Amino acid sequence: MKNFKVTTLAGLAAALFCITAIEGYTQTAQPDMSQYILTPKPADTPRINGARVFGVRPGSEFMFTVAATGKRPMKFEAEGLPKGLKLDPETGRITGRIKKEGEYTVRLTATNALGSNERDLRIVVGDRIALTPPMGWNSWNCWGPNVSQDKVVEAARAMVESGLINHGWTYINIDDAWQGKRGRNGAIQPNMKFPDMKAMADDIHALGLKLGIYSTPWIGTYAGHIGCYAETPEGTYGWIEAGKHDENYFISDPEGKINRYTNYHHGEYSFVEADVRQWAEWGVDYLKYDWYPNTCYHAKEMHDALRKIDRDIVLSLSADSPYADAPVWARYANCWRTTGDIRDTWASIRHIWSLQDKWAAFKRPGNWPDADMLVVGQVGGAWGEPLHYTKLTADEQYTHISLWSLLASPMLIGCDMAQMDDFTLSLLTNDEVNDINQDPLGLQARPIWENGDLVIYVKHLEDGSMAVGLFNRGEQETDMEVTLQQLGLRGEQTVRDLWRQKDLTKTSDKFAAKVAPHGVVLVKFYPGNSRER
C-alpha cells in the first residue's frame, strides 16, 4: 500500500481505500495481505455482537448463542427470558422451547474482569424464522464433492477457534456429496464419508453452532448423488442397482452409459417427508434445496414438510430462482438464490451485482434473496481441491463484503476456515459492517445515484441512521461525493467509516472521498433525522 501523508479528514478518507491489487496468485499461494487490513482488533472489554432479533415458532427447539468479543472468561446474563428458556452463564447459550406466541425483549449482559456490555435481544415467537440473514459457512466452494465429516467438524472447530462465533457466525452447512442410499425408514442415509451424522450434529451444537444439509427434488444431485425423488416406490436408483458407483454411491461408469446429467429431473415418487423426518432426528437446522429452474410445487412441498416437524429448519432454495415467481419464494422459502454459482473473479461479482436491485421489494425479515456465497480466503478450483487463494484483489474483496452487507444477502463463507489468514479474518469479523447486514429492519440497499461505473447505494437502518456505499466499478481512482440533500438528511451528521470503525467528519452539507478502482468507501451517517419533527 502507498504511504499517505494525511493532514485533513478528507485526506484520511482518501487514504483509507487506496488499496492496490495483488497479482500473480498461484494455485496454492497464500499471499501476505496484512498490509490491507482495515478492521481494528476487538477490544478486551466485552462487546455483544450478532443478531438483535431472533425468530422461533411456538414449541420448536430454541438455540441461540450470545456472540460476544472480549477477554475470556466471560459471564452471561439474560433478564426477561420468556418461560421455557434458560441461559448457560458460562457459554452464553440460550436453549429450551417457548409455547406461547408473542414478542419478548431480553436484556443480555456480558461481563469479564475488564467490564461489561449490555444489549437487547428481541425474541419473536410466531410464524417466521430467519429474521436476519443467515451467517455461516458452506462446504462447496472449498471442498466441492470431496467434503467429509472430518472436514465439516474441522470447519466448525475453526469457526470457534478463530473467534468467528463471537461475531455472530452460526451455520456449518454441508453441501452436496454426503448422500449414500436410502435406508429402511425410506430416508437418505449418509455415505462412508459421514459415518455418524447424529454425533456430528451433536458435536456442532455443543460448540454453540448449527448444522445445515443439502438436497434436491431431482432424482440425482449436481454432484451425482441421490435426491429426494426416485423412479421407483422403493426408492431405488438405476446407477446404484447397476453397480455403476463408487464406495460413496457417486455415479462411476467408465463406459459412459450412465452419467449424472441424465438424473437432473423430477421423478414420480417423492421421499421428501421421510428425508425431512430424518434430518430433524439428526438435528439439522438449515437446508439448501438445489435444482434448476426452481419450481413452485417443489418449493411448497418442502416448505409444508418442514412445517410438520417441531424443529425450525431454514429453507434456502438454489439456484437462480425465476424472478416472476418472487411472491412464491417469499411465501415458502427463507432464502432463495438470485443467480447462478459465484466465481472468485471481478467479472462474476459484477454480473451478480447487476441482478440484485430488482429483488429489493421482496427482501424483509424471514425472506432473503441470496447473492450466493463469499469467495474470500482459500477456495477450490470451481469447486473442489486443490485450493487456491481467491483471485479477487483486496479492493474487490472489500467491495464484495460491503455490497453483500448492504444487500442484506445471506453471508456464507466459502473458504477453508482452517487456513484462514488474518486479512480474510478481518473481512469477516468487522462487527460494524456485519451490523449493516444484520440490521433488524431487514431492508436491501438501493442505488440513489449512478453515473457509468460509479454508483452510490443507501440502506436505511433501524436506529434512523443510514449506511452508504460509494462504489467505483471502473479502472481508475475517482473522486466521489454524496450530499445530505441526496440522502434527505437534516441537520449536522457524523460520517463514520465502518471498515476502520472510526468517525471521519461532521457535516451539514456533503461527504467526499477518493475511491479506488473496483473499490468502495463504506460509511454510516448518524444520527439520521429526528423522528420528533
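Just so you know, these numbers use all the heavy atoms, side chains as well, and skip hydrogens, waters and symmetry mates. What you are looking at is a predicted structure, and each value in this text was computed from that prediction instead of being measured.
- Here salt bridge (charged side-chain N to carboxylate O under 4.0 Å, His left out) pairs that include residues 332-349, with residues two or more places apart or in two chains, are Arg337-Asp341, Arg337-Asp372.
- In this structure the side chain of Val147 never reaches within 4.5 angstrom of the side chain of Trp140, judged on heavy atoms.
- Of all heavy-atom pairs spanning Ile172 and Ala156, the tightest one is CD1-CA, 3.8 Å.
- The backbone N or O of Glu396 lies less than 3.5 Å from no partner atom in the side chain of His400, so there is not a single donor-acceptor pair.
- The two residues Cys415 and Met420 come nearest to each other via the heavy atoms SG-SD, 4.3 Å.
- At distances below 3.5 Å, not a single donor-acceptor pair connects side-chain atoms of Arg490 with backbone N or O atoms of Gly488.
- Looking only at side-chain heavy atoms (C-beta outward), Val66 and Arg119 stay at 4.5 Å or farther from each other.
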> Step by step, would you call Phe64 with Arg93 a side chain to side chain contact (heavy atoms under 4.5 Å, CB included)?
Replying inline: CA-CA 6 Å; Phe64 180 89; Arg93 289 169 208 153; over 6 Å; no
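- Applying the salt bridge (charged side-chain N to carboxylate O under 4.0 Å, His left out) rule to pairs touching residues 324-336 yields nothing, sequence neighbours excluded.
- Taking 4.0 Å as the cut-off between side-chain N and carboxylate O, Arg47 and Asp435 count as a salt-bridged pair.
- No hydrogens or angles considered: nothing links the side chains of Asp395 and Thr393 as a donor-acceptor pair under 3.5 Å.
- Summarising the geometry of Ala394 relative to Tyr36, their closest heavy-atom pair is CB-CG, 3.8 Å, with the distance given to 0.1 Å.
- Judged purely by atom type and a 3.5 angstrom limit, Ser409 uses its side chain to pair as donor or acceptor with the backbone of Ala371.
- Under the 3.5 Å distance criterion, with hydrogens and angles disregarded, no donor-acceptor pair is assigned to the side chains of Glu477 and Asn472.
- In this structure the side chain of Met200 reaches within 4.5 angstrom of the side chain of Ile204, judged on heavy atoms.
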>> side chain to side chain donor-acceptor pair (under 3.5 Å), that's the test. Do Asn367 and Arg128 meet it? Break it down for me.
In response: CA-CA 9 Å; Asn367 295 134; Arg128 303 178 73 80; 2.7 Å; yes
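- Interatomic distance, CG of Leu484 versus NZ of Lys510, reported as 11.5 Å (0.5 Å rounding).
- Under the 3.5 Å distance criterion, the side-chain polar atoms of Asn294 are matched with a main-chain donor or acceptor of Trp291.
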> Hey, mind stepping through Thr170 and Thr65 against side chain to side chain contact (heavy atoms under 4.5 Å, CB included) and telling me if it holds?
Replying inline: CA-CA 8 Å; Thr170 301; Thr65 299; over 6 Å; no
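- Between Lys41 and Asp422 no salt bridge is recorded (no basic side-chain N to carboxylate O distance below 4.0 Å).
- We find that Glu462 and Arg52 are not joined by a salt bridge, their nearest charged nitrogen and carboxylate oxygen being 4.0 Å or further apart.
- Under the 3.5 Å distance criterion, with hydrogens and angles disregarded, a donor-acceptor pair is assigned to the side chains of Tyr526 and Asp503.
- The only option from Val458, Val468, Thr494 that meets the side-chain contact (heavy atoms from CB on, under 4.5 Å) definition with Phe525 turns out to be Val468.
- Side-chain N or O atoms of Trp329 include one that pairs as donor or acceptor with a backbone N or O of Pro322 at under 3.5 Å.
- Taking each heavy atom of Ala110 and Ala68 in turn, the nearest pair found is CB-CB, 4.3 Å.
- In this structure, CG in Asn117 is found 8.0 Å from OG1 in Thr109, a value given to the nearest 0.5 Å.
- Residue Arg157 places its CZ atom among 12 or fewer non-hydrogen atoms of other residues, nucleotides or ligands, all under 6.0 Å distant.
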>> Would Tyr323 and Trp359 count as a side chain to side chain contact (heavy atoms under 4.5 Å, CB included) here? Give the steps.
In response: CA-CA 8 Å; Tyr323 178 67; Trp359 293 97; 3.9 Å; yes
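- Distance check, rounded to the nearest 0.5 Å: CG of Asn146 to NZ of Lys151 gives 5.0 Å.
- Side-chain atoms of Tyr286 never come within 3.5 Å of backbone atoms of Asn173 as a donor-acceptor pair (strictly under, hydrogens ignored).
- At least one side-chain heavy atom of Trp404 sits less than 4.5 Å from a side-chain heavy atom of Ile349.
- The side-chain heavy atoms of Thr69 and Thr429, taken from C-beta on, include no pair separated by under 4.5 Å.
- Between Thr338 and Pro369, the closest heavy-atom pair is CG2-CB, 3.6 Å.
- Looking at Asp175, its side chain never comes within 3.5 Å of a backbone N or O of Asn141 through a donor-acceptor pair.
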>> As a quick check of understanding, evaluate side chain to side chain donor-acceptor pair (under 3.5 Å) for Ser148 and Asp150, giving each step before the final call.
In response: CA-CA 5 Å; Ser148 66; Asp150 288 344; 5.2 Å; no
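- Tyr398 places a side-chain N or O within 3.5 Å of a backbone atom of Leu38 that can act as its donor or acceptor partner.
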> Run the salt bridge (Lys or Arg N to Asp or Glu O under 4.0 Å) check on Lys210 and Asp312 step by step: do they pass?
Replying inline: CA-CA 11 Å; Lys210 296 185 178 182; Asp312 290 342; over 6 Å; no
> Going through the checks in order, is the side chain to side chain contact (heavy atoms under 4.5 Å, CB included) test met by Thr132 and Val53?
Replying inline: CA-CA 7 Å; Thr132 59; Val53 59; 3.7 Å; yes
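- In this structure, CE in Met466 is found 9.0 Å from CD in Gln493, a value given to the nearest 0.5 Å.
- In this structure, CE on Met417 lies 10.5 Å from OG on Ser139, to the nearest 0.5 angstrom.
- A search for side chain to side chain contact (heavy atoms under 4.5 Å, CB included) contacts involving Ser402 returns Phe471, Trp499, Val520, Leu522, not counting sequence neighbours.
- Between Lys71 and Asn112, the shortest heavy-atom distance links the atoms O-ND2, 3.0 Å.
- In this structure, the side chain of Thr221 does not engage the main chain of Asp176 through any donor-acceptor pair within 3.5 Å.
- Annotation: side chain of Leu164 is in contact with side chain of Leu425 (closest heavy-atom distance under 4.5 Å).
- Of the possible donor and acceptor atoms, one in the side chain of Trp178 sits under 3.5 Å from a partner among the backbone N and O of Tyr214.
- Note that the NZ atom of Lys524 and the CD1 atom of Ile436 stand 6.0 Å from one another [nearest 0.5 Å].
- Using cut-offs of 30° and 60° on the angle between ring planes, the pair Trp346 and His518 is parallel.
- Residues Tyr289 and Ser215 meet the side-chain proximity criterion, which asks for heavy atoms closer than 4.5 Å.
- At a threshold of 4.5 Å between non-hydrogen side-chain atoms, the residues Trp368 and Lys363 count as touching.
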